[in-house]
Amino acid sequence: MEKDVIHLIDEKYNSMSKSHKAIANYIREQYDQAVFMTAAKIGAVLGISESTVVRFASGLGYDGYPEFQKALASWVKAKLNSVSKIGAKYGRSSQSEILTGVMEGDIEKIRDSIESIDPLAFEMAVDSIVEAEHVYILGMRSCEPLADFLCFYLNMIRKNVIQLRTTSTSEIFEQMIRIDENDVFIGISFPRYSMRTLKAMEFASDRSAKVIAITDSIHSPMNLYSSCNLCARSDMVSIVDSLVAPLSMINALVVALCLKRPAEVRDNLSMLENTWNNYQVYLNDEINFIDQAPVLDYSLIEEHKKKDS
């Protein structure tokens, strides 16, 4: 089967020059705009020459920029036709059949991820996070909830966990200006790959930090600056990306980290539980129906305590 233009870019990315990588990143990040741009226009946006853009297209195996642009247009058209494809696949299905079909697709992605995961890379990631002084986490756009989830639980396991939140590359650098060889940077990115995440990973690598990539394949540009690659499949099953396998990967990472530091995790959770109780954090918005009846009046809880004593 003939490889599409994005597959070719991913395949050749690691051997590209710095200027060609800039073009590749721009096309991956802004393909819906790049498809309408001339070689001169892309060059002007990136501050490089038109001839460099033409050589980039030739380096991918195309006869010239027009042929490359045509291939990119075909890929974008296929990408934007996702809704039509979903209609063809599920158009005559019942709601329950759609539910089953999507969930079975997610199960398949988890199975594929289990087969492709590198156990040594997973162990290296766990050890690096345990030993690091600071852990920086970045996930942009649809990957931000994954970064939220990982940051939330890492904070229960260890201190000095920093989640980077911004839409500006310069602000990202400002937040991680002190990163060094004692720290770990975790970059989470799936198609469409985030150039800001990639640049942050490059910066962390330049500062000798250990860089962990959580991404979709060995062809991902996110692997360029990472010393540890955790791959989980994330194909389009609908008009949104499936992030079930990446979330499962992160969940496994959290469990493994808990088992590395069981005593510290117990102490942290115990301290949190006491804090929640002392400040009545979950009094009115969480109810345990299994252990006790719902009580929304704190004075009643105090009465129960007095009777029990």
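Position 1 is the first residue of the sequence, and the numbers go up from there.
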To the nearest 0.5 Å, what is the distance between [atom1] on [X] and [atom2] on [Y]?
X: Lys12; Y: His7; atom1: NZ; atom2: NE2; value: 10.5 Å
X: Arg207; Y: Glu181; atom1: CZ; atom2: CD; value: 9.0 Å
X: Leu146; Y: Phe190; atom1: CG; atom2: CZ; value: 6.5 Å
X: Ile9; Y: Glu11; atom1: CD1; atom2: CD; value: 11.5 Å
X: Leu60; Y: Met16; atom1: CG; atom2: CE; value: 5.0 Å
X: Leu72; Y: Ile6; atom1: CG; atom2: CD1; value: 6.0 Å

Residue among Asn229, Ile214, Leu198, Thr215 satisfying side-chain contact (heavy atoms from CB on, under 4.5 Å) with Ser220 |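 Result for side-chain contact (heavy atoms from CB on, under 4.5 Å) with Ser220: Thr215.
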
Hey, mind stepping through Tyr65 and Phe68 against ring-ring contact (aromatic ring centres under 6.0 Å, His included) and telling me if it holds?
-> CA-CA 5 Å; Tyr65 185 80; Phe68 162 78; 5.7 Å; yes

Would you call Lys70 and Asp63 a salt bridge, taking side-chain N to carboxylate O under 4.0 Å as the test?
->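 No, Lys70 and Asp63 are not salt-bridged.
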
Is [Y] reachable from [X] through a run of I, L, V, M, F, W or Y residues, each pair having side-chain heavy atoms under 4.5 Å apart?
X: Phe152; Y: Leu243; answer: yes
X: Ile177; Y: Tyr225; answer: yes
X: Ile117; Y: Leu120; answer: no

Are [X] and [Y] side-chain neighbours, meaning at least one heavy-atom pair lies under 4.5 Å?
X: Leu150; Y: Val254; value: yes
X: Ile188; Y: Ile250; value: yes
X: Tyr153; Y: Leu253; value: no
X: Asn25; Y: Ile23; value: no
X: Lys210; Y: Phe185; value: no

Sort out for me which residue in Trp75, Phe36, Tyr26 forms a ring-ring contact (aromatic ring centres under 6.0 Å, His included) with Tyr31.
->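 The passing option is Trp75.
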
Nearest heavy atoms of [X] and [Y], plus distance in Å:
X: Ala245; Y: Ile110; value: CA-CG1, 4.0 Å
X: Gln163; Y: Gln175; value: O-OE1, 4.3 Å
X: Thr197; Y: Ser189; value: CG2-CB, 4.3 Å
X: Ala71; Y: Val5; value: O-CG1, 3.9 Å
X: Met201; Y: Ala213; value: CE-CB, 3.7 Å
X: Ala57; Y: Gly64; value: CB-O, 4.0 Å

Say whether, by atom type as modelled, one donor and one acceptor occur between the side chain of [X] and the main chain of [Y] under 3.5 angstrom.
X: Ser227; Y: Val211; value: yes
X: Ser226; Y: Ile212; value: no
X: Asn251; Y: Leu247; value: no

Using the test salt bridge (charged side-chain N to carboxylate O under 4.0 Å, His left out), find all partners of Arg141 that sit at least two apart in sequence or belong to another chain.
->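 Here the qualifying residues are Glu29.
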
Sequence neighbours excluded, which residues qualify as salt bridge (charged side-chain N to carboxylate O under 4.0 Å, His left out) partners of Glu50?
->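 For Glu50 there are no salt bridge (charged side-chain N to carboxylate O under 4.0 Å, His left out) partners, ignoring immediate neighbours.
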
Judged by modelled atom types alone, do Ser58 and Arg55 share a side-chain donor-acceptor pair under 3.5 Å?
->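 On atom types as modelled, these side chains do not qualify, holding no pair under 3.5 Å.
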
Does the side chain of Asn223 pick up a donor-acceptor pair with the side chain of Tyr13 at under 3.5 Å?
->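 Side-chain D/A pair, Asn223 to Tyr13: absent.
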
side-chain contact (heavy atoms from CB on, under 4.5 Å) assessment of Leu164 paired with Met176 | CA-CA 8 Å; Leu164 307 174; Met176 54 188 292; 3.9 Å; yes

Could you check Leu257 against Val255 for side-chain contact (heavy atoms from CB on, under 4.5 Å), going step by step and ending with a plain yes or no?
-> CA-CA 5 Å; Leu257 287 164; Val255 171; over 6 Å; no

Mind running side-chain contact (heavy atoms from CB on, under 4.5 Å) on Ile42 and Phe56 for me, showing each step along the way?
-> CA-CA 11 Å; Ile42 290 179; Phe56 168 81; over 6 Å; no

Please assess Arg196 against Ile172 for the test side-chain contact (heavy atoms from CB on, under 4.5 Å), listing each intermediate value before the final yes or no.
-> CA-CA 8 Å; Arg196 287 189 294 272; Ile172 291 175; 4.0 Å; yes

Does the pair Glu144 and Arg165 meet the rule for a salt bridge (charged side-chain N to carboxylate O under 4.0 Å, His left out), with working shown?
-> CA-CA 9 Å; Glu144 188 169 358; Arg165 297 179 182 273; 2.9 Å; yes

Cut-off 3.5 Å, no hydrogens considered: what does the side-chain donor-acceptor table look like for residues 121-139, sequence neighbours left out?
{"unit_1": "Asp127", "atom_1": "OD1", "unit_2": "Lys260", "atom_2": "NZ", "d": "3.0"}
{"unit_1": "Ser128", "atom_1": "OG", "unit_2": "Met124", "atom_2": "O", "d": "2.8"}
{"unit_1": "His134", "atom_1": "ND1", "unit_2": "Asp183", "atom_2": "OD1", "d": "3.1"}

